[in-house]
Amino acid sequence: MSGTTESTTTRTDLTATGRTGLGDSAFRILTLLAGLVVLGILVVVAGELLVESVPNIAHEGVSFLWKTQWSTRLNRYGALPFVTGTVMTSALALLLAGPVSLGIAVLLTQYLRGVLREVFVFLVELVAGIPSVIYGLWGLLFFSSIVTNYVTPAIRATPLTALPFFGPVGASSNMLLASLVLALMISPIISSFSRESLVRVPQDQRDAGVALGLTRWEVITGVVIPYARAGIVSAVILGLGRAIGETMAVTMLIGNTQQVTVNYFDPAATMSSLLANSFNQTSNPLANAALFEVGLVLFLVAFVVNSVARAIISSISHEGSR
Amino acid sequence: MSKQFTRFGEAVSRRKVIGGLGTVGAAALAGCGGGGGNGSSGGSSVSSIAGSGSSFVAPLMSKWATEYNKQNGLKVNYASIGSGGGVSNLLKKTKVFAGSDAPLQKNQYQTVQSDGGAVHVPESLGAIAPVFNVDGVSSLKVTGPVLADIFLGNVTSWDDPKLTDLNPDANLPSADITVVHRSDASGTTYGFTGYLSQVSDGWKNGPGQTESPDWPTGVGGKGNEGVAAKMKQQSNAIGYVELTYAKTQNIDIFSLKNEAGNFVDASPEGVSAAAAGAASSLPKGTADWSDVSISNAPGEKTWPISTFTYVIMYQDFGQAYKNVSEAKMKATLEFVKWAITDGQQYAPPLHYPQLPDPAVKLNEQTLNNMTYNGNVVLQG
């Protein structure tokens with residue numbers, strides 16, 4: 001708010017002095033346009049998704065969201081298998097990557113010093129930049145056999161099999177493989193952004209903790225992490241966003257089977273993988289509309305996730321991080 | 001028109017005596033031959049044409065583009081986006097030709113009639129290979145109906161009597177079969193499900209012949225390369241890929257029982273044999289090709305899962321497109337004509353069978369009859 005008033009004042013001042021004022025207002029308009037482009041893209045994308053999916057919205061109604069069959073032959077389209085696929089894989093990926101990434105961030109900021117820290121920071125950022133198709137190929141050609149031959153039997157030997165999440169093994173391309181690779185993909189992102197916010201915790205705060213006689217562990221869990229929590233939450237949400245939207249690697253690994261399942265050893269499909277597989281491949285107008293509607297659902301999910309994240313961050317921030 | 005041609009023809013031969021200027025005369029001839037409203041600049045102004053579609057034919061198409069460019073200077077841009085996408089682009093009129101492993105479906109064929117119709121030019125052939133990955137087993141026999149039962153999920157174990165009876169000597173494990181299929185809409189799937197529909201009523205009345213069926217069982221890989229990769233990863237798996245992928249990636253291929261009752265191995269020759277039988281009874285280029293199939297064709301050596309792959313174009317570019325000149329149509333047809341004749345020599349080294357003669361003749365007829373606003377485009 002204060003920024004607006006300030007710039008208006010500046011503008012009146014500068015119009016009087018001629019050339020500089022022109023340049024300034026031109027620049028202002030330019031930045032305004034740039035801002036509008038972002039808004040415009042959002043509106044255009046959402047609008048296009050909505051308009052294109054109208055035929056299927058009319059055909060299937062709201063039940064699109066919980067119908068379980070997606071059949072071009074019967075011309076029936078239900079999104080539930082893909083929604084559950086997306087939720088299941090993102091949830092497990094986040095569950096695994098979250099704590100590990102926080103651990104990495106704490107290690108990088110609180111324990112490592114000097115060259116060693118620089119090297120590790122560089123490595124984490126390097127890993128964060130690997131294209132997803134590489135993760136997909138690596139997952140398919142190498143990691144898949146590790147998961148099948150070691151990880152899967154290990155899980156099957158534990159009481160976890162009592163849970164519906166770890167039932168009989170369906171195929172080696174399954175939700176577990178996809179979730180594990182997703183976890184690997186998002187952890188450098190989460191740790192990188194968490195590190196940024198941990199770095200910004202003032203030394204005074206830590207010193208105060210130490211002065212009160214806290215141990216290192218107590219300083220980290222009681223002072224540093226709470227102070228940086230808003231940044232950590234937003235890092236986690238960024239990671240989640242990537243997991244939900246990840247297309248290439250998941251398409252290569254998840255098995256692309258449409259079924260509603262909570263068993264991580266079953267092949268499944270996500271909204272993104274469905275779009276990657278089926279778009280531009282069909283001349284059936286209703287199937288096309290249904291795909292657009294899946295895109296719309298994905299868009300809304302991303303929107304909600306981000307809104308929730310913002311809400312969390314601002315509520316935590318008030319308690320005093322910044 | 002023809003008089004004009006003779007005159008220019010003479011001019012060309014006279015100039016040839018003088019020297020290299022002959023080519024200039026030929027270019028001028030091409031321009032005038034264009035007739036229509038484009039004037040004499042038409043022929044020489046076409047520098048490139050654009051098509052898209054089938055990834056199966058992409059390696060051959062790219063070889064053709066390179067060789068044709070060396071000989072004629074025309075640049076052929078082919079985007080390998082899959083058969084479905086290629087046809088979709090053609091219907092949206094963003095490309096002058098589509099490469100597709102499946103012919104236009106009946107409703108698509110109806111759609112193009114309002115734009116003057118479309119032609120099918122079978123320009124190459126493909127073999128689809130059923131493949132397996134079973135530890136310690138490198139050769140297996142299978143029949144069409146058993147294959148259909150496996151893909152329907154009726155036969156679920158490798159030691160099912162239906163498989164062990166066919167392969168008494170093979171050491172088949174008592175393990176579940178994992179079916180691997182395509183996850184994207186694909187011409188390969190269209191060919192494969194067409195075969196299954198022919199040999200199995202269960203498949204025909206169930207999933208049927210389509211580019212993306214509702215799979216009763218199994219996991220999906222994107223593209224031939226995706227299926228091939230999964231076949232190598234997943235033990236006790238069964239799948240299907242274009243022959244080239246199975247050969248280059250060393251995936252074991254089933255011996256398949258053909259219509260004559262012989263177990264045959266997949267080979268380009270087996271496909272040529274399938275096409276030779278069918279080629280004499282193909283419909284006219286402008287007709288509805290949706291029922292054409294060389295799947296499960298008769299013949300002692302015939303490979304049962306064989307398909308044509310097509311170049312599909314509008315019959316009259318003048319009627320179909322707003323901004324495509326007659327010269328461009330001529331350049332496109334000349335390229336396709338070259339591909340189905342001289343271009344065929346590049347097919348065998350890339351594991352594609354050669355187009356049988358009756359098909360070549362039919363295609364030439366098709367191309368020669370194509371028109372631009374009602375006027376025939378290619379002469380002779």
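Chain letters run A, B, ... following the sequence lines, proteins first, then strands; residues in each count from 1.
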Checklist entry - What pairs with B/Lys204 under salt bridge (charged side-chain N to carboxylate O under 4.0 Å, His left out), at least two apart in sequence or on another chain? => result none
Checklist entry - Listed by residue number, which members of residues 255-271 of chain A have a heavy atom under 4.5 Å from any heavy atom of chain B? => result A/Gly255, A/Asn256, A/Thr257, A/Pro267
Next on the checklist: Ignoring hydrogens, what is the shortest heavy-atom contact between B/Ser212 and A/Thr72? Give both atom names and the distance.
Outcome noted: O-OG1, 3.3 Å
Item to check | Neighbours of chain B found in residues 147-156 of chain A - heavy atoms under 4.5 Å | outcome: none
Item to check | Heavy-atom contact with chain A under 4.5 Å, split by part of B/Pro213 | outcome: neither
Next on the checklist: Looking only at heavy atoms and a cut-off of under 4.5 Å, which of A/Leu140, A/Leu74, A/Thr251, A/Leu274 has the most pairs with chain B?
Outcome noted: A/Leu140
Next on the checklist: Quick check on A/Leu253 against chain B: is it the side chain, the backbone, both or neither that has a heavy atom closer than 4.5 Å?
Outcome noted: backbone
Donor-acceptor contacts under 3.5 Å from residues 55-62 of chain A side chains, at least two apart:
{"unit_1": "A/Asn56", "atom_1": "ND2", "unit_2": "A/Glu293", "atom_2": "OE1", "d": "2.9"}
{"unit_1": "A/Glu60", "atom_1": "OE1", "unit_2": "A/Lys67", "atom_2": "NZ", "d": "2.6"}
{"unit_1": "A/Glu60", "atom_1": "OE2", "unit_2": "A/Tyr77", "atom_2": "N", "d": "2.9"}

Next on the checklist: So does B/Val219 get a backbone contact from the side chain of A/Ser173, meaning a donor-acceptor N/O pair under 3.5 Å?
Outcome noted: no
Item to check | Approximate separation, where rounding is to 0.5 Å, of A/Ser273 OG and B/Lys222 NZ | outcome: 10.0 Å
Item to check | Closest non-hydrogen atom pair, A/Met252 against B/Lys230 | outcome: O-NZ, 2.7 Å
Item to check | Flag if over 12 foreign heavy atoms under 6.0 Å of NZ, B/Lys232 | outcome: yes
Checklist outcome for this item: Bottom line for B/Thr210: the part with an atom under 4.5 Å from chain A's heavy atoms is neither
Checklist outcome for this item: On a heavy-atom basis, the closest approach of B/Asp214 and A/Arg73 is OD2-CB, 3.7 Å
Checklist entry - Would B/Gln233 and A/Ser144 count as having a side-chain donor-acceptor pair, cut-off 3.5 Å? => result yes
